[in-house]
Each structure stands twice: as C-alpha cells, then as structure tokens.
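Taking it in order: structure first as structure tokens, then the write-up.
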Amino acid sequence: MFRYLSSAWLLFIACTTFHVAQAQKLKDPIQFGVVDAADFATSAPVSSADSAAPAEILCDFGKSRIEGAREKFQVVFERVTRIRILRKAGYSWATVQVPLYVKDNSTEELQKLKGMTYNLVGGNVVKDKLDINQAGFKEVIDKNHRLYSFTLPNVREGSIIEFSYTIKSDFLFNLQDWQFQHDIPVRWSEYRVVIPPFYRYKQTVRGYLPFAVEESQIVPYTTSYSQDSRDSFGNSFGNSGHSASLSGQAVQVRWAVKNAPAFREEPYMTSASNYRRSVDFELAGYDFSRNGNEYHDLTGTWEKITKSLQEEELFGVLLKENGPLTAEAQLLLKTFEGSTERAAAVLALVQQRVKYNGQERLYASQPFRKTCEQHLGNSSDLNLLLVQTLRAAGLDANPVLLSTRRHGLVQTDLPELSQFNYVVAHVTLPDKSDLLLDATEPLAPAGLLPERCLNGQGRLIANTGRWVPLKPAKRYMQFTTAQFTMSDKGGLQGKMHLEYDGYAGLETRKQILELGEQGYQTQFTRRWSDWHFTSPLTVMELKDPTKVLKADVALTLPEPEAPAPLLYLPLAQTLGQLTNPFKHEERQYPVDFSTLHDYMQMVTLTLPASYAVQERPADIVLALPNNGGKFMYNITQPTPGTLQIVSRLQLLKSVYTPEEYVALRELYSRAIAKHSEMLVLQRK
C-alpha cells in the first residue's frame with residue numbers, strides 16, 4: 001500500500017520551500033574511524049573572531065529515518081561528529097551529553113555508541129578507544145528526560161576526538177531536531193531526514209546563516225513491519241504474527257552549513273535559539289490510506305489550547321473562584337470611574353499584597369488565598385490573581401500567554417503551549433484598546449510591561465482569543481542638563497540635573513532599589529572620578545513610577561596647579577555616558593533594543609573674562625538610512641562669555657537588521673568621537 005506517493009503528500013512536497021530533485025545516491029561527508037595525519041594540519045580560522053577558539057567541529061553529520069518495528073514505527077537517528085581540540089579550554093568538548101526522552105515506561109534507546117581520540121605522535125596517528133563501561137553514566141533530569149554522558153580518553157591540545165551513536169525512539173513526535181551552530185566554529189554540519197508519505201511533519205527553520213545545501217528529493221523507501229497475531233478478544237500471541245516489507249517512495253530533506261563561525265552572545269539579543277541556525281520538527285498528522293484521503297490531523301489549535309487552559313485547575317478554574325482581594329476590588333469599583341485609573345489601582349493592590357519570587361511560570365503554584373497568605377508567588381501566581389481581581393473590580397480582564405525574550409519567539413502558526421513560559425493581564429478598555437499589566441514589577445507604571453516581556457505577540461486566553469502585540473508603552477529616555485561656571489584659574493563649579501523616563505526610569509529605579517540610595521550614589525560618583533561632589537545626590541519621585549525619575553547633584557572640577565595659557569575641555573565626553581556596545585565589525589543577527597532609545601545632553605558653560613574660545617568642535621547631524629535614527633551635536637555661543645553644548649542620540653527603531661548593523665555601529669562610533677573632541681579655551 002506504500003508503492004505510490006499519495007496526492008496529499010505530493011501537495012506537501014509542492015508547498016515546501018526546497019528544490020525537489022530526482023533521487024541521487026548521496027555520499028556521507030564523514031566515516032567514523034577514517035582519520036589520518038593530514039587531518040591534523042592547521043587550517044585558517046573560520047572567521048577572524050575565531051582565531052582564539054578553544055576547539056572546532058570538523059564535521060557534524062546526522063540522519064533521521066522512520067522505520068517499521070514490532071507493532072509500531074520508530075524514529076532512528078544516527079550521528080557522527082569529529083572535533084579538533086585546539087586549546088586546554090576546549091577539553092570540555094570531550095565530554096558529550098546525549099538527551100533521551102522517557103514516557104509511560106518507554107525510553108529512547110542509545111545504541112552503537114563508539115568513541116575515539118586521535119593524537120599525532122611522531123608523525124603517526126595514535127588511537128585511544130572509548131571504554132563505555134568506564135566513561136559513561138546516565139543522569140535523571142526529570143520524569144521525561146534522561147541524560148547520558150561520556151568522556152573521550154587521553155585528550156590533549158591538538159587531539160581529534162570522534163564519536164558516533166544511534167538513538168531508536170518510539171516517540172514519532174520526537175523526530176530529532178538539529179543545530180548547525182555551536183559555541184565553537186563548525187567546518188561542516190549536515191542533517192538529512194527521510195520521511196515516508198504516511199507521516200507529515202511541520203518544519204521550523206531558525207537562524208540567519210546561509211545554507212550551503214538546502215534541498216529535497218524523492219528517494220526509494222523500504223522498511224519492514226511486524227504485527228502480532230491476536231485472538232477474537234484482541235489478545236496478542238507475541239511474535240506469532242507476520243512481517244511485511246513495505247516499499248515505496250519517501251522524501252529526503254537535506255540541509256548543510258559550511259564554515260559556521262562560533263555563535264557568540266551579542267548586546268541586545270533575545271534568546272539564542274532565535275539566532276542559531278537550526279531546524280525543528282513537529283508531527284502534524286498521518287494517513288495510512290492507499291489514496292491519501294484519510295488524513296488524521298494531530299496538531300492542536302489555539303481554540304483547543306484556550307479551552308484546556310480554561311479548564312485547568314491552576315489556571316482557568318482559579319479565575320472563576322471568589323478571590324481573596326474581591327472585597328477590596330469592589331471598593332475600587334466605587335472609588336474610580338475611569339477604567340485605566342481603576343486598573344492601575346487594582347495593580348497597586350496586588351503588588352502591595354504579593355511579591356514576585358523571580359520564577360517565570362505559566363501556571364499558578366497554588367490557590368490565590370495561599371499566595372496572599374505567603375505574600376510571595378511566581379509570575380503566574382501574581383498575574384492570574386491580578387486578572388481575577390481586575391474582574392472583581394468590574395473590568396473586562398483576561399490572561400495573555402507570552403514567551404519572554406530569553407525563552408524564544410513564538411511561532412504563531414504553531415499551536416503549542418510549550419512555546420510560552422509567562423502570563424500577564426489584559427484589560428479591554430471602553431474604546432476597545434488594549435491595556436497590558438504585570439504585577440511582578442512594582443516600579444513599573446500600569447501599562448508598562450517589563451522589558452523581558454517585549455517579545456513579539458502574546459495569545460489572549462478568552463472565548464474570542466486573538467494575538468496581542470507586545471509593544472513598549474514608552475521609550476528609553478535619558479536627559480541630562482548641567483550648568484557650570486569656570487573660575488579664573490580654570491576650575492569648574494556647578495550642578496547637574498538628570499531625568500530618566502520610560503524604561504530608563506524603570507531600570508534606574510531597580511538599580512536604586514537593589515543597591516540602596518547610598519550604594520547607588522557611590523556607584524554614580526565613580527562614573528565621574530575626576531570630579532568632586534559638593535552635595536549628595538538628591539533623588540526625586542523614586543516611589544512614584546508614573547512620574548519621571550529625577551536627580552540633582554552639585555560638583556566641581558579642581559583647578560589646575562597653575563593657570564594654563566590653553567585649556568582643553570572634552571566637556572561632552574566628561575559628562576556623557578555614551579559608550580559603544582557594538583565591538584565587532586560585523587553581526588549576523590538583528591539588534592533588538594526592545595524599545596526606542598533617546599539620549600539628550602545639554603551643558604551650559606559660563607566663562608570668566610580671562611578666557612576666550614579659541615576652537616570648538618564643529619556642529620554635526622548624522623542620520624541612519626530609512627529614518628532609523630540620528631545623532632545631533634551643536635555648540636552655540638549666546639553671549640561672548642557663555643557656551644551651550646547640545647547633544648542628542650535618537651534610535652527611532654526598536655529592531656535593526658544585520659544589514660543595518662554597520663550603519664548603526666558607525667553612528668555610535670562617530671557620536672562617541674564627537675563627544676571626545678576638545679573645546680579649546682585661551683587665556684587672555
């Protein structure tokens with residue numbers, strides 16, 4: 001019944017993005033045990049940034065195939081990996097961990113494990129074989145996961161290590177994923193998957209590196225399948241059944257990446273899983289009919305997920321109960337007429353009663369009453385309690401599922417609850433606009449989600465569920481003004497005023513809360529180590545997150561030991577806090593600031609009669625392409641004895657593509673260089 005490719009499967013092939021080729025016999029890129037002296041030759045690093053890499057993967061090759069077995073089908077995964085150890089720091093790569101899945105007394109089987117270490121001694125290749133009984137051990141991670149680890153022997157600088165193994169799995173939904181990029185460079189990584197026509201899988205490809213190979217072809221498919229004989233009551237007679245050889249055609253998909261540089265964390269990144277080149281699979285359905293017209297869809301739907309959550313004891317059921325803050329919420333209903341004001345009051349009420357324990361969870365850990373008694377809970381404890389209390393206050397409130405920035409982006413076309421790890425509260429305002437609230441951040445005003453939550457879209461769990469954009473409600477804004485008067489001998493005395501709004505205000509408030517006001521002041525003064533502070537740092541509006549956080553301080557710059565004929569003042573650099581976070585010349589991944597950024601400085605300098613301006617930096621205006629941002633630097637001299645310097649850097653996009661990275665980095669570099677230019681004053 002598997003001789004012909006079904007019409008539905010042909011449609012699946014037509015809809016893929018791969019090139020469909022005629023069947024070809026593919027040669028494996030690596031053979032275990034085939035290493036000679038030439039393989040130890042030093043080669044140029046994959047990229048300039050990898051010149052100090054501790055190790056490199058010479059070849060990583062995997063194959064997955066669905067095969068028939070006794071009373072079932074299995075996923076058979078084979079892997080061969082060869083790694084060169086370059087430095088002592090790379091010894092850790094000689095310890096290999098193989099994850100295995102467990103469920104309902106069935107365990108994935110690790111088979112045919114082999115390992116070898118090769119060293120070049122006197123021009124000859126010396127081999128040390130892995131002793132599985134001595135070097136391997138199994139660890140229980142949780143009820144569904146085991147971890148088998150082994151360590152290759154006699155590893156030293158310059159060694160080549162190699163291992164291969166096979167995993168047989170009864171879990172067809174657990175078709176092995178593949179990661180092409182690692183924390184060390186990869187010369188060649190290839191993955192092949194052969195899928196027969198009676199199973200369908202959704203494929204999700206992530207990352208930004210180009211594929212050296214990305215293709216699909218129809219290949220011959222043969223497997224054997226055995227079935228037990230059964231009596232009229234359905235009882236099995238064990239192996240007394242019959243076996244059959246099934247043959248037909250299947251689809252083989254193949255990906256390969258060549259010379260992948262080591263993956264490194266960069267500033268302003270979300271989860272590394274969003275950026276590493278990889279491919280994931282999800283079992284979508286099956287069809288064992290001859291004509292391909294009896295397809296069984298195994299994928300869920302967002303509606304099913306919503307229904308199951310509404311019936312979940314530690315999620316939807318909790319929301320239907322009479323909560324511990326209901327009476328107080330109903331008082332707020334009478335006190336505040338406006339929905340936004342009432343929602344803010346409910347948020348403050350929940351934040352006063354329960355503190356966040358730092359755990360990001362999708363489900364509550366216990367009933368709301370216990371959470372309030374303990375005054376502590378995870379993100380879902382707090383935010384589901386918030387939803388329940390908002391409803392008690394007469395507001396149209398529901399939970400929103402989301403994935404935090406470190407957890408990964410949500411694929412909106414993939415109905416999987418495992419994509420989420422967090423929940424916030426949603427209120428539909430009278431004008432039908434969205435108000436998002438999070439009780440885990442007592443220093444954030446209503447409507448300002450923590451930065452960790454600004455990650456694509458969230459799923460509204462309501463009878464009419466939909467996707468809700470997780471957009472920042474405000475910018476990240478810093479504003480600094482300073483007024484200084486110069487003495488006849490060249491010293492500076494004055495005061496500085498700082499303002500932090502939006503996400504800058506939230507960030508600074510959290511720093512002050514963590515360090516304490518005295519600790520924050522100590523950290524603050526270290527930024528201006530050349531200056532003397534003549535008054536303590538005065539912080540205003542610290543406890544009211546709805547207002548701009550402000551700080552004032554008086555400070556002086558000591559006079560030089562003797563009056564100088566020329567004074568060189570990099571005044572903008574002295575007061576500016578702008579640094580370039582982008583150290584590398586190139587970047588393969590987007591820059592994700594999560595919100596728009598705005599930095600502004602304004603310095604007024606009053607000169608004594610004994611000094612005049614000899615030279616000042618030129619004005620400049622720089623702009624990124626496509627209205628992506630700009631930098632402006634301007635010096636004016638309103639009077640002969642007064643100078644005013646204004647500097648402003650605006651990032652008008654929250655996300656910049658890899659193609660925009662060079663211009664963004666250059667904008668930062670030129671802004672910093674401009675701040676470093678000297679204001680030259682001449683003594684009369």
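These figures come from a predicted structure and were not determined experimentally. Heavy atoms only: backbone and side chains are in, while hydrogens, waters and symmetry mates are out.
Side-chain atoms of Asn357 do not come within 3.5 Å of backbone N or O of Leu376 as any donor-acceptor pair. Using a distance-only test at 3.5 Å, with no hydrogens or angles considered, no donor-acceptor pair links the side chain of Glu67 to the main chain of Ser224. Although no hydrogens or angles enter the test, the distance criterion places no donor-acceptor pair under 3.5 Å between the side chain of Asn144 and the main chain of Tyr101. Under a 3.5 Å cut-off, the side chain of Ser164 and the backbone N or O of Glu78 do not form any donor-acceptor pair. When atom types are taken as modelled, the side chain of Gln388 and the backbone of Leu318 share no donor-acceptor pair closer than 3.5 angstrom. Between the side chain of Gln181 and the backbone N or O of Arg277 there is at least one donor-acceptor pair closer than 3.5 Å. Asn383 places no side-chain N or O within 3.5 Å of a backbone atom of Leu386 that could act as its donor or acceptor partner. Under a 3.5 Å cut-off, the side chain of His407 and the backbone N or O of Gln419 do form a donor-acceptor pair. In terms of modelled atom types and a separation under 3.5 Å, the side chain of Thr223 and the main chain of Gly68 share a donor-acceptor contact. Between the side chain of Arg361 and the main chain of Ala364, no donor-acceptor pair closer than 3.5 Å is present.
Applying the ring pair (Phe, Tyr, Trp, His ring centres under 6.0 Å) rule to Tyr422 yields no partners; only residues at least two apart in sequence or on another chain are considered. When the salt bridge (charged side-chain N to carboxylate O under 4.0 Å, His left out) test is applied to Arg342, no partner is found at least two apart in sequence or on another chain. Scanning for salt bridge (charged side-chain N to carboxylate O under 4.0 Å, His left out) contacts around Glu190 gives Arg192, Arg254, with sequence neighbours left out. Remark: Tyr165 engages no residue in a ring pair (Phe, Tyr, Trp, His ring centres under 6.0 Å) (not counting sequence neighbours).
Atom NZ of Lys112 is separated from atom OG1 of Thr166 by 5.0 Å, given to the nearest 0.5 angstrom. To the nearest 0.5 Å, atom CG of residue Asp381 and atom OG of residue Ser365 are 3.5 Å apart. Here the CZ-CG distance, from Arg391 to Leu319, works out to 5.0 Å after rounding to the nearest 0.5 Å. To the nearest 0.5 Å, atom CH2 of residue Trp255 and atom CD of residue Glu214 are 8.0 Å apart. Expressed to the nearest 0.5 Å, how far CG of Leu448 lies from CG of Leu454 amounts to 8.0 Å.
Dense packing is recorded around CG of Asp431, with more than 12 heavy atoms of other residues, nucleotides or ligands lying under 6.0 Å away. Environment of CD in Glu313: sparse, with no more than 12 heavy atoms of neighbouring residues, nucleotides or ligands closer than 6.0 Å. Counting heavy atoms of neighbouring residues, nucleotides and ligands inside a 6.0 Å radius, atom CG of Asn463 does not exceed 12 of them. Atom OH of Tyr286 is surrounded by 12 or fewer heavy atoms from other residues, nucleotides or ligands within 6.0 Å.
A heavy-atom distance below 4.5 Å is not found between the side chains of Val427 and Ser339. Arg79 places none of its side-chain heavy atoms less than 4.5 Å from the side chain of Gln176. Residues Leu100 and Ser169 have side chains not in contact (no heavy-atom distance under 4.5 Å, counting atoms from C-beta outward).
For residues 459-470, every residue pair satisfying the salt bridge (Lys or Arg N to Asp or Glu O under 4.0 Å) rule, not counting sequence neighbours, is listed here: Asp434-Arg466. For residues 173-184, the pairs satisfying salt bridge (Lys or Arg N to Asp or Glu O under 4.0 Å) are Asp183-Arg276, with sequence neighbours left out.
Taking the six-membered ring where tryptophan is involved, the planes of Tyr199 and Phe288 are perpendicular, since the angle between them exceeds 60° and thus also 30°. Between Tyr268 and Phe593, the two ring planes are tilted [angle within 30° to 60°]. Using cut-offs of 30° and 60° on the angle between ring planes, the pair Phe73 and Phe198 is tilted.
The side-chain hydrogen bond (donor to acceptor under 3.5 Å, both in side chains) test with Arg452 is passed by exactly one of Thr270, Thr440, Thr404: Thr440. Of the listed residues (Thr326, Leu347, Leu349), just one forms a side chain to side chain contact (heavy atoms under 4.5 Å, CB included) with Thr389, and that residue is Leu349.
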Given the rule in the ring pair (Phe, Tyr, Trp, His ring centres under 6.0 Å) test, do Phe263 and His182 qualify, once you have shown the distances and angles that lead to the verdict? CA-CA 6 Å; Phe263 181 85; His182 296 271; over 10 Å; no

Go through it in stages, so that I can follow the logic: the residues are Asp170 and Ser106, the test is side chain to side chain donor-acceptor pair (under 3.5 Å), and I'd like the CA-CA distance, side-chain angles, deciding distance and then a yes or no. CA-CA 8 Å; Asp170 295 340; Ser106 181; 3.2 Å; yes

Test side chain to side chain donor-acceptor pair (under 3.5 Å) on Ser594 and Glu451; report intermediate values, then the result. CA-CA 7 Å; Ser594 75; Glu451 189 175 356; 2.8 Å; yes

Walk me through it: do Thr204 and Arg206 pass the test side chain to side chain donor-acceptor pair (under 3.5 Å)? CA-CA 6 Å; Thr204 302; Arg206 294 183 173 88; 5.2 Å; no

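Closest non-hydrogen pair, Ala343 versus Leu437, comes out as CB-CD1, 4.0 Å. The two atoms that bring Ala439 and Gln351 nearest to each other are O-CG, 3.4 Å, heavy atoms only.
Lys202 and Asp280 are not joined by a salt bridge, as no carboxylate oxygen comes within less than 4.0 angstrom of a charged side-chain nitrogen. Using a 4.0 Å cut-off between charged nitrogen and carboxylate oxygen, Glu660 and Lys653 count as a salt-bridge pair. Looking at Arg369 and Glu373, no side-chain N of the basic residue comes within less than 4.0 Å of a carboxylate O on the acidic one, giving no salt bridge.
Ring centroid separation for the pair Phe180 and Tyr191 does not come in under the 6.0 Å cut-off.
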